[in-house]
2 protein chains.
Amino acid sequence: MTEMAGKQKARPKRPAVICDEIKDWIVTQKLKPGDPLPQEKALVERFRASKGTMREALRSLEAQGLVTTRTGPRGGIFVSALDENRAMELLGNYFFFRQPSIADIYTVRCQLEPELAASLVGLMSDEDYQRLEETMRVYDHPAETVGEEYRQRMAELDFHGVLAELCPNPVLGFMCGFLQSLLRDLTVCRRIYDRPNPELRETGLSYQTRLIEAFRAGDRESARSIMYKHMLSAWRYMEACEAEMKPEFLRLRK
Amino acid sequence: MTEMAGKQKARPKRPAVICDEIKDWIVTQKLKPGDPLPQEKALVERFRASKGTMREALRSLEAQGLVTTRTGPRGGIFVSALDENRAMELLGNYFFFRQPSIADIYTVRCQLEPELAASLVGLMSDEDYQRLEETMRVYDHPAETVGEEYRQRMAELDFHGVLAELCPNPVLGFMCGFLQSLLRDLTVCRRIYDRPNPELRETGLSYQTRLIEAFRAGDRESARSIMYKHMLSAWRYMEACEAEMKPEFLRLRK
DNA sequence: AGATATTTGTTCGTATGTATT
DNA sequence: TAATACATACGAACAAATATC
């Protein structure tokens, strides 16, 4: 922006500039999560800014998940690794005003979830299987109330969430996890998830059972193909629900 | 956290709380990008916070790309849509301490780029073709200097960047664009991109030429398959370079 | 072009909250 | 419990930017 090195006037530094300088400092000093930054007072001196300006800069960094602060003795400002949930929240803001369609999301899921399944073959521990089976127990029976219906849908997503968490590829794992968070948040989906979806539940359960068998058998190509069909089937079902609901929705508004 | 509804003391509100309340405000009022928020002074009154605290909250929102501010008459605070570059920067922070490998990135690219190519068939205008061809001119000849070498690699990524930008699926487009930004930033890749890569350039160019032909022919399956092979080939080449460089790197350190 | 009004941006002194010892 | 060390919050004064007349 307005860089112009070699100023005499020492124009007040803006928080955004300080923010970038601290980022650079973290990079060049190779600081790692948990490492302390100089204290607020010291930073104020180092960057020749006032306390208020410095605090605004630190808040920016905090919002981005790059630092955390603690009060009290041995407190201060610490480098921090942006955690997965926060990263998904931040990225979620990008799609807030760009509401993707069910097709947009499932197009990508159809590509990524099969690869996710394949990446897990041979890596699953007994404990991992237990987690999956526990999640599946939430929806191994028809729901009796609307609330349970919704909780079942969330648990179905959790199943994929567990897989994403176990994925050895951080990029793939993050993206799969993020697609789930998109599905959770989309209002279209929320409306769909609130209604009885007996077919979705039964077919989903069957795919997931077969997927676990493929994992246990160490059959990578099966795992991939089962997951692909699972995604295709869920996609079709979600779009059918959406089409069914649209007229209802229009009726309400007329 | 420390929620405890129904306080008497009116404990000073923390910026994070104010930040969330403003977010809720934007959602419930259905504000859209460009819509004004109350002015700083009004917000200070509404939230019973001091100016400094309010500014910290606003900085947080600004860092997340949710608001922008302008000084002067008719200035103020405005709702804003998180733009794509900023979203990639924010997400990039997540991978800063989790450096994915070339394999991690290309595993995902192999799934998404072919789908990206397929999604564009039938949607490309003459102007779009021109943009692609212009980009390709940067590397349609051997590089003569190290700097040109690097610029060629960047232009090759730009080619995919143009495709991502044109993608009608915002999720797919964003993810493909982000994978490129990861490749640009990874230090491993930077080292690879700095050296002469005659083979990468020639085969890449040939794939991209054929891809454009497939676009022009409206042949979706060809486009998908060419892109897949393009990705596989680039992946193999990048990993070969990495393997070649590692010993060098080790030599330097001994 | 210049003056002015409006709005955000920056500073500093002081007081408070909080966690460690 | 008290002392200490750190971040957090407040408010008033001042500076900079910019739209409008």
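Everything quoted here is computed from the prediction, not taken from an experiment. Reminder, nothing fancy here: chain letters follow the sequence lines and each chain counts from 1.
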Can you check the [X] [atom1] to [N] [atom2] distance for me, whole Å?
X: A:Leu58; N: C:dT10; atom1: CG; atom2: C1'; answer: 15 Å
X: B:Ile18; N: D:dA9; atom1: CD1; atom2: C1'; answer: 10 Å
X: B:Leu43; N: D:dG11; atom1: CG; atom2: P; answer: 16 Å
X: A:Arg48; N: C:dC12; atom1: CZ; atom2: P; answer: 12 Å
X: A:Phe78; N: C:dA19; atom1: CZ; atom2: C1'; answer: 12 Å

What pairs with [X] under side-chain contact (heavy atoms from CB on, under 4.5 Å), at least two apart in sequence or on another chain?
X: A:Arg184; value: A:Met154, A:Leu157, A:Asp158, A:Gln180
X: B:Ala103; value: B:Ser101, B:Trp235, B:Glu239
X: B:Pro36; value: B:Phe78

Is it the case that the side chain of A:Asn169 and the backbone of B:Asp104 share a donor-acceptor pair, with hydrogens and angles ignored and the cut-off at 3.5 Å? yes

Considering residues at least two apart in sequence or located in another chain, which fulfil the ring pair (Phe, Tyr, Trp, His ring centres under 6.0 Å) criterion with B:Tyr94? A:Phe174

Looking at residues at least two apart in the chain, or sitting in another chain, which of them share a side-chain hydrogen bond (donor to acceptor under 3.5 Å, both in side chains) with A:Glu148?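 Partners of A:Glu148 by the side-chain hydrogen bond (donor to acceptor under 3.5 Å, both in side chains) criterion, ordered by chain and then number, come out as A:His141.
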
Can you check nucleotides 6-8 of chain D for protein contacts, nitrogen or oxygen pairs under 3.5 Å, and list what you find?
from: D:dC6; atom 1: OP1; to: A:Gln39; atom 2: NE2; distance (Å): 2.8
from: D:dC6; atom 1: O5'; to: A:Gln39; atom 2: OE1; distance (Å): 3.2
from: D:dC6; atom 1: O5'; to: A:Gln39; atom 2: NE2; distance (Å): 2.7
from: D:dC6; atom 1: O2; to: A:Gly72; atom 2: N; distance (Å): 3.3
from: D:dA7; atom 1: OP1; to: A:Glu40; atom 2: N; distance (Å): 3.1
from: D:dT8; atom 1: OP1; to: A:Thr69; atom 2: OG1; distance (Å): 3.0
from: D:dT8; atom 1: OP2; to: A:Arg55; atom 2: NH1; distance (Å): 3.2

